[in-house]
Each structure stands twice: as structure tokens, then as C-alpha cells.
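Letters go in sequence order (proteins before strands), and every chain restarts at 1. What you are looking at is a predicted structure, and each value in this text was computed from that prediction instead of being measured.
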2 protein chains.
Amino acid sequence: MAGRRTDTRQRAQRVALRLFAEYGYEGTSLRMIAEGLNITKAALYYHYKSKEEILAAVLSDFSGAVADLIEWGEQQPSGPETQRELLRRYGELTVDGVTAAARLIQVNEPALREQPLAAEVQAQIIALFDLLAGPGVLTGADGPVAALRVKLAISALHLAGEEAESGGRDVMDAALDIACGLLDPQWAGSAP
Amino acid sequence: MAGRRTDTRQRAQRVALRLFAEYGYEGTSLRMIAEGLNITKAALYYHYKSKEEILAAVLSDFSGAVADLIEWGEQQPSGPETQRELLRRYGELTVDGVTAAARLIQVNEPALREQPLAAEVQAQIIALFDLLAGPGVLTGADGPVAALRVKLAISALHLAGEEAESGGRDVMDAALDIACGLLDPQWAGSAP
DNA sequence: GTCTATAGAGCGATAGAC
DNA sequence: GTCTATCGCTCTATAGAC
């Protein structure tokens with residue numbers, strides 16, 4: 001890909017991400033994506049061989065970002081500080097515009113069910129969960145409840161990320177506190 | 001509607017709800033709904049004048065259930081017990097199969113953006129939020145953060161509801177504890 | 001209340017010119 | 001790298017028989 005003359009692919013991914021997030025995968029047509037790029041939909045087929053490949057490329061971007069995050073996390077000593085920093089960086093991701101991909105995945109959007117790449121992405125999410133709450137959260141004895149806590153922690157960052165895009169960034173800080181609290185084993189769920 | 005000979009409408013709503021939840025509104029065709037009822041899609045047009053009207057009917061079911069819940073809540077003394085019972089009953093709703101509609105709404109599914117009924121449903125969700133966390137949560141000074149907490153509390157019940165459908169009902173109890181904790185002003189978000 | 005048949009539009013995708 | 005034109009398909013929705 002080095003030495004390419006145009007940035008159409010890159011722009012297409014940005015446009016597609018935004019549209020997929022707003023209208024869903026099935027609700028987004030190639031015409032809509034093409035119009036956002038001021039080209040025709042036929043031209044899109046020079047860059048991608050199918051609509052599904054566009055989705056795959058978008059997912060791949062997200063996958064890469066999370067993979068980097070996990071790699072960083074694995075090299076840190078495990079502890080509350082690393083946990084918090086992992087969540088903070090993940091939150092930054094969602095603010096930076098990867099929110100949409102994250103939303104696509106977290107909501108378990110139907111389009112992803114048949115997507116080969118989805119398995120890889122899901123594996124990475126699980127790896128992130130393991131990093132956040134110890135290996136085997138999703139399969140352990142109190143797995144369902146532990147998993148619920150991690151999912152909620154991630155949800156907090158996603159919801160705050162959407163909010164933060166239209167103003168107040170301090171919601172993100174509050175969300176980070178809530179997320180850490182949800183993963184804190186000392187706080188069992190009921191009030192002190 | 002009293003005295004109707006068949007229950008096709010009722011069955012159609014059940015089938016549509018399940019399909020909308022699994023494949024999304026745009027990803028669900030009338031053919032799919034019709035096949036689930038063992039009739040042809042043309043026959044659906046005897047009961048509904050458009051696909052959107054099917055969605056409206058499904059939303060209306062959900063809306064009615066939440067309206068009943070709110071009416072009950074408003075007649076109770078406000079306090080932690082009522083709050084908890086509100087959340088518990090809402091959780092029961094999502095287990096009973098209204099999950100899908102709830103998911104549709106909470107995820108802000110694109111199909112709902114242009115749906116007239118969506119405004120009404122959204123207003124009811126806001127009313128529920130007010131009941132849960134005091135009037136004006138969504139517009140107050142620390143509105144964004146308070147709103148985030150309520151959204152997460154609801155999310156906990158939705159996520160647990162999906163889990164509970166395939167076995168372990170005690171996840172629901174744990175989710176209820178977490179939801180109450182999230183709405184507890186004493187617990188500010190950070191660990192003790 | 002359900003059927004067959006079909007209209008009319010939009011979709012994803014391809015062919016081939018420039 | 002982008003275009004016009006078009007194919008084949010599925011979709012929502014309607015008309016009219018039973």
C-alpha cells in the first residue's frame with residue numbers, strides 16, 4: 001500500500017464508519033458511502049471487492065487499535081493502576097472516533113454474526129476482559145456476574161464517549177471512576 | 001379489536017419482535033416475518049398497512065408495559081425500596097421477552113430516529129429515569145453524569161436479561177444489586 | 001383472512017469506456 | 001481511479017381472486 005497516490009480508501013473507511021454507526025450496516029448503502037466521498041458507487045469497487053470488505057476494513061482498524069492496547073497492557077505489572085490506565089486509554093479510543101466500531105461490536109450488531117473478522121475482534125475483547133479482571137472471567141464460577149461487570153465498565157466508557165463528543169469531557173473522567181468501581185472486587189454491588 | 005377471530009396480529013408482533021432483535025429492523029424483511037407465521041407477506045398487509053406500522057405496534061407494546069410500570073411507581077412513596085422494586089420489575093419485563101424492544105430503544109437503533117412513536121417511548125424512558133433518580137436528572141447541573149448512572153443501571157438489567165434467557169436467573173439478582181449501587185448517591189464511583 | 005401475481009424502486013455487483 | 005450503463009435480485013407495497 002506504500003506509494004499510493006490517493007487517500008480514497010482511508011477516507012472511505014472514515015465515512016463508512018460514521019454511516020454504519022448512524023444507520024447500521026444494513027441500513028447503509030454503497031450509494032450513501034459513495035456520495036460522502038463524492039464519487040460513484042461503482043468507483044468503490046476499485047478499492048473494495050464487496051460491501052462486506054468495507055466492513056472488514058473498518059473492523060480491522062478497530063481491531064488494530066485494541067491489539068495495540070492489549071500489547072501495552074500485557075507488558076505492564078498487573079494492578080489497579082494498570083487497570084485504570086487500560087480503561088482510560090480505551091476511553092480515549094472511543095472518543096477519537098472509533099466509538100462507532102466499538103458500538104457496532106458491543107451491541108452485537110447482526111451484521112457481525114456472519115463476519116469472519118468478528119471472531120478475531122471478539123477474541124481481542126475477551127483478551128481485554130482478561131486483562132481487566134483476570135483470566136477466565138467469562139468462563140469462571142461466578143463468570144456471568146464478573147462478565148456483566150466488565151461489560152458494564154466498557155459500556156460506561158462507550159456511553160460517556162458519545163456524550164463527550166458533543167461537549168463536556170469531564171463525563172469521561174466520571175465514567176472512568178465508575179468503570180474502575182465496577183471492577184473493584186471490594187465493592188460487591190450493594191451500598192456500603 | 002374485541003371479538004376478532006384470529007390472533008395473527010398478536011403472533012405477528014411476537015415474531016417481528018424476535019426478528020427485529022436478532023437481525024435489526026432493516027435486516028428483517030416481511031417475507032421473514034410472514035414465514036414465521038406460515039402465511040405470505042401479502043397477507044401481512046391485511047393486518048398492517050406498512051412495515052413501519054409493525055414496528056410501531058411492537059414499540060407500542062413496550063410503551064404500554066413501561067407506562068404501567070411508571071403509573072405504579074408514581075403511586076408509591078419515593079425511596080430506596082421503591083427504586084429497587086422499580087428496577088426489579090423493569091428487569092422482569094426484559095426477561096419476559098420485551099428485551100428486544102428494550103434493546104432496540106436503548107441502542108438507539110437507526111430505525112427509530114424517524115419513528116413518530118419513538119418520541120413517546122423516549123419520553124417514558126425519561127419519566128422512568130426521573131422516578132429512579134429524581135426529576136431533571138437528564139438536564140440538571142451534573143446531569144450528564146447522573147444520566148450516565150441511570151443508563152448504566154438500565155443497561156445492567158438489559159445485559160443480565162439476555163444472559164438470564166439462557167439459564168442462570170441469579171445473574172438478574174446480581175444485576176439488580178449493581179443497578180441499585182449505581183444509583184446510590186453515597187457511592188460516588190471510586191473505591192472505598 | 002389469505003392467496004397469486006406483479007408493479008416499482010433500490011440494492012450489490014460487473015462490464016467496459018476514458 | 002473514476003465514470004456510465006446495466007444485470008439480477010430482493011425489497012415494500014398493491015390489485016384482485018377466492
Side-chain angles (χ1 to χ4, degrees), chain A residues 1-59 104 109-118, chain B residues 1-59 104 109-118:
Chain A
M1 300 296 173
R4 66 176 190 284
R5 307 281 186 82
T6 68
D7 60 344
T8 307
R9 256 190 84 100
Q10 191 181 321
R11 288 198 306 135
Q13 255 127 283
R14 265 189 57 87
V15 170
L17 173 61
R18 187 168 46 77
L19 290 171
F20 287 163
E22 185 161 2
Y23 303 104
Y25 175 72
E26 335 245 5
T28 302
S29 71
L30 295 180
R31 182 187 52 76
M32 292 162 78
I33 299 175
E35 275 174 8
L37 296 168
N38 278 114
I39 61 175
T40 63
K41 67 176 177 171
L44 272 175
Y45 281 90
Y46 173 82
H47 302 279
Y48 308 91
K49 77 176 214 302
S50 69
K51 183 186 181 185
E52 202 173 350
E53 198 182 280
I54 301 181
L55 175 61
V58 167
L59 286 181
L104 237 66
E109 199 83 357
L112 296 175
R113 235 181 280 283
E114 309 259 305
Q115 236 294 331
L117 214 90
Chain B
M1 301 296 171
R4 66 177 189 286
R5 306 282 185 83
T6 68
D7 59 346
T8 307
R9 256 190 85 99
Q10 191 181 322
R11 288 198 307 133
Q13 254 128 283
R14 264 189 57 86
V15 170
L17 173 61
R18 187 168 45 79
L19 289 172
F20 287 164
E22 184 160 3
Y23 303 104
Y25 174 72
E26 335 246 3
T28 302
S29 72
L30 297 180
R31 182 186 49 77
M32 291 162 77
I33 298 175
E35 274 175 7
L37 295 168
N38 278 113
I39 61 175
T40 64
K41 64 181 176 168
L44 271 175
Y45 281 91
Y46 173 82
H47 301 279
Y48 307 92
K49 76 176 214 301
S50 69
K51 181 186 180 183
E52 201 172 349
E53 198 182 281
I54 300 180
L55 175 61
V58 167
L59 285 181
L104 237 65
E109 198 84 356
L112 296 174
R113 235 182 280 284
E114 310 259 303
Q115 237 294 333
L117 213 90

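Distance, Lys49(B) NZ to dA15(D) P: 15 Å, rounded to whole Å. Rounded to a whole Å, the CG atom of Asp7(A) is 13 Å from the C1' atom of dG1(D). The CZ-P distance, from Arg11(A) to dG1(D), rounds to 12 Å in whole Å. In this structure, CD1 of Ile33(B) is placed 11 Å from C1' of dT12(D), rounded to the nearest angstrom. Put simply, CD on Gln10(A) is 17 Å from C1' on dG1(D), counting in whole angstrom units. The nearest whole Å value for the distance from the CD1 atom in Ile39(B) to the P atom in dT4(C) is 12 Å. In this structure, CG of Leu37(A) is placed 15 Å from C1' of dC3(D), rounded to the nearest angstrom. Between Tyr46(A) atom OH and dA15(C) atom P there is a gap of 17 Å when expressed in whole angstrom units.
Remark: Thr8(A) is in phosphate contact with dT2(D), judged by side-chain N or O atoms under 4.0 Å from OP1 or OP2. Between Thr40(A) and dT2(D) there is no side-chain polar atom (N or O) within less than 4.0 angstrom of OP1 or OP2. Here Tyr45(B) does not reach the OP1 or OP2 of dT14(D): none of its side-chain N or O atoms lies under 4.0 Å away.
The Ala43(A) side chain lies nearest to dC3(D) when the options are dA13(D), dC3(D), dC3(C). The nucleotide whose nearest atom lies closest to any side-chain atom of His47(A) is, among dT2(D), dT2(C), dA13(D), dT2(D).
Proximity of Val15(B) to Arg18(B): side-chain heavy atoms (C-beta onward) are separated by under 4.5 Å at one or more points. Side chains of Leu117(A) and Leu55(A) form no contact here, defined as non-hydrogen atoms less than 4.5 Å apart.
The two residues Thr28(A) and Ile33(A) make their nearest non-hydrogen contact at CG2-CG1, 3.8 Å. The two atoms that bring Leu30(B) and Leu44(B) nearest to each other are O-CD1, 3.6 Å, heavy atoms only. Between Lys51(B) and Tyr25(B), the shortest heavy-atom contact is NZ-O, 3.0 Å. Looking at every heavy atom in both residues, Gly27(A) comes nearest to Met32(A) through O-SD, 3.7 Å. The two residues Tyr48(B) and Arg9(B) have their closest heavy-atom pair at OH-O, 3.1 Å.
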Show each protein N/O and nucleotides 9-11 of chain C N/O combination with a separation under 3.5 Å, one pair to a line.
unit_1: dC11(C); atom_1: OP1; unit_2: Ser29(A); atom_2: OG; d: 3.2
unit_1: dC11(C); atom_1: OP2; unit_2: Arg31(A); atom_2: NE; d: 3.2

